[in-house]
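Every chain is numbered from 1, with letters handed out A, B, ... down the list of sequences. Note that the structure is a prediction, hence the values are computed from the model and not measured. In what follows, every heavy atom counts, from backbone to side chain, and hydrogens, waters and symmetry copies are set aside.
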2 protein chains.
Amino acid sequence: MCYQCNYEDLLSAARLDATGNRLRVLEVIGNNSYPLSATTIFKTLERSCSINRVTVYRILDLLVEHELVDRISTGGRAFYYGMAPNAHHHPHPHFYCKRCGQMDCLTPDSLSVDSDGLWKTFPGRIDKVEVRVDGICKNCMK
Amino acid sequence: MCYQCNYEDLLSAARLDATGNRLRVLEVIGNNSYPLSATTIFKTLERSCSINRVTVYRILDLLVEHELVDRISTGGRAFYYGMAPNAHHHPHPHFYCKRCGQMDCLTPDSLSVDSDGLWKTFPGRIDKVEVRVDGICKNCMK
DNA sequence: AAATCCCATGCAAATCTATTGCATGGGATG
DNA sequence: CATCCCATGCAATAGATTTGCATGGGATTT
(Lines give C-alpha, C1' and ligand atoms only; values in the text may rest on other atoms or scores of the structure.)
Protein backbone atom coordinates (compact mmCIF):
# COMPACT_ATOMS: atom_id res chain seq x y z
CA MET A 1 0.00 0.00 0.00
CA CYS A 2 1.13 3.48 -0.65
CA TYR A 3 -0.46 6.24 1.36
CA GLN A 4 1.95 8.82 0.09
CA CYS A 5 1.33 8.85 -3.63
CA ASN A 6 -1.45 10.96 -5.02
CA TYR A 7 -2.29 9.21 -8.25
CA GLU A 8 -4.02 12.17 -9.85
CA ASP A 9 -0.95 14.28 -9.18
CA LEU A 10 1.30 11.63 -10.64
CA LEU A 11 -0.75 11.51 -13.81
CA SER A 12 -0.94 15.26 -14.23
CA ALA A 13 2.77 15.62 -13.51
CA ALA A 14 3.27 13.29 -16.49
CA ARG A 15 0.86 15.48 -18.49
CA LEU A 16 -1.68 12.71 -18.80
CA ASP A 17 -5.43 13.16 -18.40
CA ALA A 18 -6.56 11.43 -15.24
CA THR A 19 -9.27 9.28 -16.79
CA GLY A 20 -11.17 6.93 -14.54
CA ASN A 21 -9.52 3.89 -16.04
CA ARG A 22 -6.00 5.27 -15.77
CA LEU A 23 -6.58 6.18 -12.16
CA ARG A 24 -7.98 2.78 -11.38
CA VAL A 25 -5.07 0.94 -13.02
CA LEU A 26 -2.56 3.11 -11.21
CA GLU A 27 -4.35 2.61 -7.90
CA VAL A 28 -4.40 -1.15 -8.22
CA ILE A 29 -0.66 -1.11 -8.85
CA GLY A 30 0.15 1.46 -6.20
CA ASN A 31 -2.06 -0.04 -3.50
CA ASN A 32 -0.39 -3.40 -3.82
CA SER A 33 2.78 -4.25 -1.98
CA TYR A 34 4.20 -6.34 -4.81
CA PRO A 35 4.10 -6.18 -8.60
CA LEU A 36 1.18 -7.66 -10.50
CA SER A 37 0.65 -9.13 -13.94
CA ALA A 38 -1.58 -7.41 -16.49
CA THR A 39 -4.03 -10.28 -16.16
CA THR A 40 -4.25 -9.88 -12.40
CA ILE A 41 -4.74 -6.15 -12.73
CA PHE A 42 -7.45 -6.73 -15.31
CA LYS A 43 -9.24 -9.30 -13.19
CA THR A 44 -9.09 -7.06 -10.15
CA LEU A 45 -10.60 -4.14 -12.03
CA GLU A 46 -13.19 -6.31 -13.72
CA ARG A 47 -14.74 -7.10 -10.38
CA SER A 48 -15.58 -3.49 -9.61
CA CYS A 49 -16.07 -1.87 -12.99
CA SER A 50 -16.46 -2.61 -16.65
CA ILE A 51 -13.18 -2.41 -18.49
CA ASN A 52 -11.65 -4.16 -21.44
CA ARG A 53 -8.50 -6.24 -21.28
CA VAL A 54 -6.98 -4.28 -24.15
CA THR A 55 -7.59 -1.01 -22.37
CA VAL A 56 -5.60 -2.30 -19.44
CA TYR A 57 -2.71 -3.22 -21.71
CA ARG A 58 -2.83 0.16 -23.39
CA ILE A 59 -2.91 2.03 -20.11
CA LEU A 60 -0.02 -0.05 -18.81
CA ASP A 61 2.01 0.76 -21.92
CA LEU A 62 1.22 4.42 -21.43
CA LEU A 63 2.16 4.44 -17.76
CA VAL A 64 5.39 2.59 -18.45
CA GLU A 65 6.25 4.95 -21.28
CA HIS A 66 5.70 7.91 -18.98
CA GLU A 67 7.71 6.23 -16.26
CA LEU A 68 4.97 6.14 -13.67
CA VAL A 69 5.00 2.37 -13.71
CA ASP A 70 7.81 -0.13 -14.05
CA ARG A 71 7.53 -3.16 -16.32
CA ILE A 72 9.36 -5.95 -14.58
CA SER A 73 10.33 -9.20 -16.19
CA THR A 74 9.92 -12.40 -14.25
CA GLY A 75 11.27 -15.88 -14.58
CA GLY A 76 7.89 -16.62 -16.19
CA ARG A 77 6.12 -15.58 -19.37
CA ALA A 78 4.26 -12.45 -18.33
CA PHE A 79 5.50 -9.06 -17.31
CA TYR A 80 4.64 -7.73 -13.89
CA TYR A 81 3.96 -4.10 -13.10
CA GLY A 82 4.93 -2.06 -10.07
CA MET A 83 5.28 1.62 -9.23
CA ALA A 84 8.26 3.18 -10.95
CA PRO A 85 10.94 4.68 -8.75
CA ASN A 86 9.90 8.11 -7.48
CA ALA A 87 10.13 10.17 -4.31
CA HIS A 88 8.28 7.49 -2.34
CA HIS A 89 9.48 4.40 -4.15
CA HIS A 90 13.15 3.63 -4.32
CA PRO A 91 14.56 1.18 -6.84
CA HIS A 92 14.78 -2.28 -5.35
CA PRO A 93 15.30 -5.89 -6.38
CA HIS A 94 12.52 -8.45 -6.57
CA PHE A 95 12.12 -12.06 -5.67
CA TYR A 96 10.22 -14.33 -8.03
CA CYS A 97 8.88 -17.66 -6.86
CA LYS A 98 8.98 -20.03 -9.79
CA ARG A 99 6.48 -22.31 -8.09
CA CYS A 100 3.57 -19.96 -7.34
CA GLY A 101 4.52 -17.04 -9.56
CA GLN A 102 4.31 -14.57 -6.71
CA MET A 103 6.73 -11.68 -6.95
CA ASP A 104 7.95 -9.91 -3.82
CA CYS A 105 9.80 -6.69 -3.33
CA LEU A 106 13.10 -6.92 -1.50
CA THR A 107 14.39 -3.99 0.49
CA PRO A 108 16.53 -1.63 -1.56
CA ASP A 109 19.67 -2.63 0.32
CA SER A 110 19.14 -6.36 0.74
CA LEU A 111 21.32 -6.70 -2.35
CA SER A 112 23.77 -3.96 -2.98
CA VAL A 113 24.49 -3.28 -6.61
CA ASP A 114 27.19 -0.88 -7.61
CA SER A 115 26.53 0.24 -11.16
CA ASP A 116 28.39 3.57 -11.05
CA GLY A 117 31.30 2.32 -13.11
CA LEU A 118 29.05 0.95 -15.78
CA TRP A 119 27.07 4.17 -16.19
CA LYS A 120 30.31 6.01 -16.82
CA THR A 121 31.89 3.60 -19.27
CA PHE A 122 29.02 1.96 -21.14
CA PRO A 123 28.97 2.94 -24.82
CA GLY A 124 25.19 3.19 -25.17
CA ARG A 125 22.16 4.40 -23.27
CA ILE A 126 21.27 2.77 -19.98
CA ASP A 127 17.64 3.04 -18.94
CA LYS A 128 17.51 0.79 -15.95
CA VAL A 129 19.21 -1.97 -14.04
CA GLU A 130 16.92 -4.81 -13.07
CA VAL A 131 17.89 -7.21 -10.33
CA ARG A 132 15.78 -10.29 -9.76
CA VAL A 133 16.26 -13.19 -7.41
CA ASP A 134 14.64 -16.43 -8.53
CA GLY A 135 13.82 -19.35 -6.32
CA ILE A 136 11.06 -20.80 -4.19
CA CYS A 137 9.30 -18.75 -1.56
CA LYS A 138 8.84 -19.62 2.06
CA ASN A 139 5.23 -20.68 1.57
CA CYS A 140 5.97 -23.01 -1.30
CA MET A 141 8.87 -24.59 0.58
CA LYS A 142 6.57 -26.19 3.12
CA MET B 1 32.94 -18.86 -28.57
CA CYS B 2 34.02 -21.33 -25.99
CA TYR B 3 37.03 -23.46 -26.77
CA GLN B 4 37.18 -24.84 -23.26
CA CYS B 5 33.90 -26.62 -22.90
CA ASN B 6 33.54 -30.14 -24.13
CA TYR B 7 29.85 -30.45 -24.77
CA GLU B 8 29.74 -34.22 -24.69
CA ASP B 9 31.43 -34.17 -21.31
CA LEU B 10 28.99 -31.59 -20.04
CA LEU B 11 26.06 -33.72 -21.11
CA SER B 12 27.41 -36.91 -19.65
CA ALA B 13 28.34 -35.16 -16.42
CA ALA B 14 24.65 -34.27 -16.18
CA ARG B 15 23.81 -37.91 -16.93
CA LEU B 16 22.17 -37.07 -20.21
CA ASP B 17 22.61 -39.04 -23.43
CA ALA B 18 24.54 -36.96 -25.91
CA THR B 19 22.10 -37.17 -28.79
CA GLY B 20 22.91 -35.32 -31.98
CA ASN B 21 20.23 -32.75 -31.37
CA ARG B 22 21.24 -32.06 -27.78
CA LEU B 23 24.85 -31.63 -28.81
CA ARG B 24 23.90 -29.32 -31.62
CA VAL B 25 21.70 -27.13 -29.42
CA LEU B 26 24.39 -26.93 -26.78
CA GLU B 27 27.02 -26.08 -29.37
CA VAL B 28 25.00 -23.27 -30.86
CA ILE B 29 24.58 -21.78 -27.41
CA GLY B 30 28.16 -22.36 -26.31
CA ASN B 31 29.78 -21.18 -29.52
CA ASN B 32 27.98 -17.87 -29.34
CA SER B 33 29.33 -14.96 -27.35
CA TYR B 34 25.90 -13.75 -26.25
CA PRO B 35 22.60 -15.43 -25.34
CA LEU B 36 20.14 -16.39 -28.07
CA SER B 37 16.39 -16.86 -28.27
CA ALA B 38 14.85 -20.27 -28.89
CA THR B 39 13.75 -19.03 -32.30
CA THR B 40 17.26 -17.98 -33.25
CA ILE B 41 18.67 -21.29 -32.07
CA PHE B 42 16.02 -23.14 -34.05
CA LYS B 43 16.64 -21.14 -37.21
CA THR B 44 20.38 -21.63 -36.92
CA LEU B 45 20.01 -25.39 -36.58
CA GLU B 46 17.42 -25.59 -39.32
CA ARG B 47 19.98 -24.38 -41.83
CA SER B 48 22.30 -27.31 -41.30
CA CYS B 49 20.04 -30.15 -40.23
CA SER B 50 16.43 -31.20 -39.98
CA ILE B 51 15.00 -30.50 -36.57
CA ASN B 52 11.62 -29.57 -35.20
CA ARG B 53 10.93 -26.37 -33.31
CA VAL B 54 9.35 -28.31 -30.46
CA THR B 55 12.41 -30.49 -30.11
CA VAL B 56 14.50 -27.38 -29.62
CA TYR B 57 12.14 -26.17 -26.88
CA ARG B 58 12.24 -29.54 -25.17
CA ILE B 59 16.00 -29.75 -25.31
CA LEU B 60 16.27 -26.24 -23.94
CA ASP B 61 13.97 -27.15 -21.06
CA LEU B 62 16.07 -30.20 -20.37
CA LEU B 63 19.37 -28.33 -20.45
CA VAL B 64 18.00 -25.61 -18.20
CA GLU B 65 16.62 -28.17 -15.79
CA HIS B 66 20.02 -29.84 -15.61
CA GLU B 67 21.73 -26.49 -15.22
CA LEU B 68 23.88 -26.72 -18.31
CA VAL B 69 22.08 -23.75 -19.81
CA ASP B 70 20.73 -20.58 -18.27
CA ARG B 71 17.30 -19.23 -19.19
CA ILE B 72 17.60 -15.47 -19.15
CA SER B 73 14.69 -13.09 -19.22
CA THR B 74 14.90 -10.02 -21.36
CA GLY B 75 13.01 -6.77 -21.48
CA GLY B 76 11.14 -8.40 -24.37
CA ARG B 77 8.77 -11.32 -24.72
CA ALA B 78 11.08 -14.24 -25.36
CA PHE B 79 13.61 -15.92 -23.14
CA TYR B 80 17.22 -16.03 -24.20
CA TYR B 81 19.58 -18.90 -23.50
CA GLY B 82 23.25 -18.86 -22.58
CA MET B 83 25.72 -21.24 -20.98
CA ALA B 84 25.02 -21.73 -17.30
CA PRO B 85 27.77 -20.77 -14.88
CA ASN B 86 30.44 -23.46 -14.70
CA ALA B 87 34.20 -23.71 -14.43
CA HIS B 88 34.66 -21.74 -17.65
CA HIS B 89 31.66 -19.44 -17.42
CA HIS B 90 31.26 -17.15 -14.47
CA PRO B 91 27.93 -15.54 -13.60
CA HIS B 92 27.64 -12.13 -15.20
CA PRO B 93 25.08 -9.46 -15.94
CA HIS B 94 23.60 -8.84 -19.37
CA PHE B 95 22.71 -5.83 -21.41
CA TYR B 96 19.49 -5.90 -23.41
CA CYS B 97 18.93 -3.43 -26.23
CA LYS B 98 15.23 -2.70 -26.41
CA ARG B 99 15.59 -1.41 -29.94
CA CYS B 100 17.26 -4.33 -31.73
CA GLY B 101 16.70 -7.06 -29.16
CA GLN B 102 20.38 -7.96 -29.05
CA MET B 103 21.59 -9.18 -25.68
CA ASP B 104 25.22 -8.76 -24.66
CA CYS B 105 27.22 -10.23 -21.84
CA LEU B 106 28.83 -7.74 -19.49
CA THR B 107 32.02 -8.65 -17.65
CA PRO B 108 31.37 -10.31 -14.31
CA ASP B 109 32.67 -7.29 -12.42
CA SER B 110 31.25 -4.45 -14.49
CA LEU B 111 28.45 -4.37 -11.94
CA SER B 112 29.27 -5.62 -8.53
CA VAL B 113 26.42 -7.28 -6.71
CA ASP B 114 26.75 -8.28 -3.12
CA SER B 115 24.13 -10.88 -2.35
CA ASP B 116 25.85 -12.57 0.58
CA GLY B 117 23.52 -11.05 3.16
CA LEU B 118 20.45 -12.13 1.28
CA TRP B 119 21.54 -15.73 0.93
CA LYS B 120 21.97 -15.92 4.69
CA THR B 121 18.72 -14.31 5.71
CA PHE B 122 16.22 -15.12 2.98
CA PRO B 123 13.43 -17.39 4.22
CA GLY B 124 13.11 -19.49 1.07
CA ARG B 125 15.28 -21.08 -1.56
CA ILE B 126 17.38 -18.89 -3.83
CA ASP B 127 18.31 -20.40 -7.18
CA LYS B 128 19.89 -17.49 -8.92
CA VAL B 129 20.32 -13.76 -9.02
CA GLU B 130 19.76 -12.24 -12.41
CA VAL B 131 21.06 -8.78 -13.22
CA ARG B 132 20.05 -7.13 -16.46
CA VAL B 133 20.77 -3.69 -17.79
CA ASP B 134 18.19 -2.35 -20.24
CA GLY B 135 18.76 0.44 -22.70
CA ILE B 136 19.87 1.12 -26.23
CA CYS B 137 23.10 -0.25 -27.60
CA LYS B 138 25.90 1.68 -29.25
CA ASN B 139 24.86 0.61 -32.74
CA CYS B 140 21.24 1.61 -32.33
CA MET B 141 22.24 4.98 -30.88
CA LYS B 142 23.70 6.16 -34.17
C1' DA C 1 15.31 -63.85 -32.59
C1' DA C 2 10.98 -62.06 -30.94
C1' DA C 3 8.58 -59.33 -27.68
C1' DT C 4 8.78 -55.45 -24.80
C1' DC C 5 9.92 -51.09 -23.05
C1' DC C 6 11.87 -46.48 -22.92
C1' DC C 7 12.66 -42.35 -24.70
C1' DA C 8 13.91 -38.79 -28.33
C1' DT C 9 11.65 -36.83 -31.84
C1' DG C 10 8.02 -35.03 -34.97
C1' DC C 11 3.59 -32.97 -36.09
C1' DA C 12 -0.73 -30.69 -35.06
C1' DA C 13 -3.26 -28.28 -32.06
C1' DA C 14 -3.86 -25.62 -28.08
C1' DT C 15 -2.57 -22.07 -24.63
C1' DC C 16 -1.06 -17.84 -22.88
C1' DT C 17 0.34 -13.17 -23.35
C1' DA C 18 0.33 -9.22 -25.87
C1' DT C 19 -0.62 -6.31 -29.98
C1' DT C 20 -3.07 -4.33 -34.02
C1' DG C 21 -6.90 -2.63 -36.85
C1' DC C 22 -11.02 -0.70 -37.00
C1' DA C 23 -15.33 1.39 -35.04
C1' DT C 24 -17.59 4.45 -31.79
C1' DG C 25 -18.74 8.02 -28.81
C1' DG C 26 -17.87 11.89 -25.68
C1' DG C 27 -15.64 16.20 -24.83
C1' DA C 28 -13.04 20.08 -26.40
C1' DT C 29 -12.36 23.42 -29.93
C1' DG C 30 -13.28 26.24 -33.88
C1' DC D 1 -23.41 23.27 -35.31
C1' DA D 2 -19.26 21.10 -37.43
C1' DT D 3 -14.92 19.15 -36.60
C1' DC D 4 -11.16 16.96 -34.42
C1' DC D 5 -8.84 14.27 -30.93
C1' DC D 6 -8.48 10.69 -28.15
C1' DA D 7 -9.95 6.99 -24.74
C1' DT D 8 -12.15 2.93 -25.11
C1' DG D 9 -14.21 -1.45 -26.84
C1' DC D 10 -14.36 -5.53 -29.73
C1' DA D 11 -12.51 -8.83 -32.94
C1' DA D 12 -8.83 -10.64 -35.00
C1' DT D 13 -3.98 -11.55 -35.19
C1' DA D 14 0.73 -12.32 -33.73
C1' DG D 15 4.49 -14.47 -31.20
C1' DA D 16 6.33 -17.66 -27.85
C1' DT D 17 5.74 -21.67 -25.68
C1' DT D 18 3.45 -26.00 -24.27
C1' DT D 19 0.69 -30.24 -24.64
C1' DG D 20 -1.19 -34.49 -26.62
C1' DC D 21 -0.53 -38.05 -29.36
C1' DA D 22 2.00 -40.96 -32.75
C1' DT D 23 6.20 -43.18 -34.31
C1' DG D 24 10.44 -45.41 -34.63
C1' DG D 25 15.02 -46.81 -33.11
C1' DG D 26 17.85 -48.83 -29.58
C1' DA D 27 18.30 -51.30 -25.39
C1' DT D 28 16.53 -54.92 -22.46
C1' DT D 29 14.08 -58.99 -21.43
C1' DT D 30 12.11 -63.39 -22.51
Query raised in the report: Tell me: CG of A:Leu11 to C1' of D:dA7, nearest whole Å?
Result: 13 Å

Query raised in the report: How is A:Asp17 classified with respect to the nucleic acid when contacts are heavy atoms under 4.0 Å: base, sugar-phosphate, or nothing?
Result: nothing

Requested in this report: Would you tell me whether B:Asp109 and B:Thr107 have side-chain atoms, one donor and one acceptor, within less than 3.5 Å of each other?
Outcome: yes

Report summary line: When rounded to whole Å, the CG to P distance for the pair A:Leu23 and D:dT8 reads 10 Å

**Report entry** Partners passing side-chain contact (heavy atoms from CB on, under 4.5 Å) against A:Asn86 (at least two apart in sequence or in another chain)
**Finding:** A:Cys5, A:Leu10, A:Met83, A:His88, A:His89

Query raised in the report: Is A:Thr19 near enough to D:dT8 that one of its side-chain N or O atoms lies under 4.0 angstrom from OP1 or OP2?
Result: yes

N/O-N/O pairs, protein side and nucleotides 19-22 of chain D side, under 3.5 Å:
from: D:dG20; atom 1: O6; to: B:Arg58; atom 2: NH1; distance (Å): 3.4

Query - Spacing between B:Leu63 atom CG and C:dA8 atom C1', to the nearest angstrom - result: 13 Å

Query - Over 12 non-hydrogen atoms of neighbours within 6.0 angstrom of CD in A:Glu46 - result: yes

Query raised in the report: Please give, in whole Å, the distance from D:dT8 C1' to A:Leu62 CG?
Result: 13 Å

Query raised in the report: Rounding to a whole Å, what distance do you find between A:Leu36:CG and C:dT17:C1'?
Result: 16 Å

Report summary line: Among D:dT17, C:dA8, D:dT8, the one nearest any side-chain atom of B:Arg22 is C:dA8

Requested in this report: Using the test side-chain contact (heavy atoms from CB on, under 4.5 Å), find all partners of B:Cys137 that sit at least two apart in sequence or belong to another chain.
Outcome: B:Phe95, B:Cys97, B:Cys100, B:Asn139, B:Cys140

Query raised in the report: Under 4.0 Å: is that the gap between some side-chain N or O of B:Asn21 and OP1 or OP2 of C:dT9?
Result: yes

Query - Nearest-Å distance for atom pair CG/C1', residues B:Asn52 and D:dA16 - result: 15 Å

Query raised in the report: Judged by modelled atom types alone, do A:His94 and A:His92 share a side-chain donor-acceptor pair under 3.5 Å?
Result: yes

**Report entry** Sub-4.5 Å side-chain heavy-atom contact between A:Asn32 and A:Ile41
**Finding:** no

Query - DNA chain D-proximal residues of residues 67-83 of chain A, any heavy atom under 4.0 Å - result: A:Arg77

Query - By side-chain hydrogen bond (donor to acceptor under 3.5 Å, both in side chains) - contacts of B:Tyr81 (at least two apart) - result: B:Arg71

Query raised in the report: Do A:Ser73 and B:Arg132 meet the criterion of a side-chain donor-acceptor pair at a distance under 3.5 Å?
Result: yes

Query - Whole-Å gap separating P (D:dC6) and CG (A:Leu16) - result: 12 Å

Query raised in the report: So does A:Asp17 pair up with A:Arg22, basic N to acidic O under 4.0 Å?
Result: no

Query - Point-to-point distance, once rounded to the nearest 0.5 Å, from CG of A:Leu16 to CD of A:Glu65 - result: 8.5 Å

Report task. Consider the side chain of A:Tyr57, meaning its heavy atoms from C-beta on, and name the nucleotide among C:dG10, D:dG9, C:dT17 that approaches it most closely. Result -> C:dT17

Requested in this report: Check the distance between D:dG15's C1' and B:Arg53's CZ and give it to me in whole angstrom.
Outcome: 10 Å

Query - No-hydrogen, no-angle side-chain donor-acceptor test under 3.5 Å, A:Tyr7 and A:Asn31 - result: yes

Please tabulate the protein-to-nucleotide N/O contacts below 3.5 Å involving nucleotides 24-29 of chain D, giving atom names and distances.
none

Report summary line: Side-chain contact check for A:Asp61: nearest option of C:dT19, C:dG10, C:dT17 is C:dT19

Query raised in the report: Hey, are the side chains of B:Thr55 and B:Phe42 touching, using non-hydrogen atoms and a 4.5 Å cut-off?
Result: no

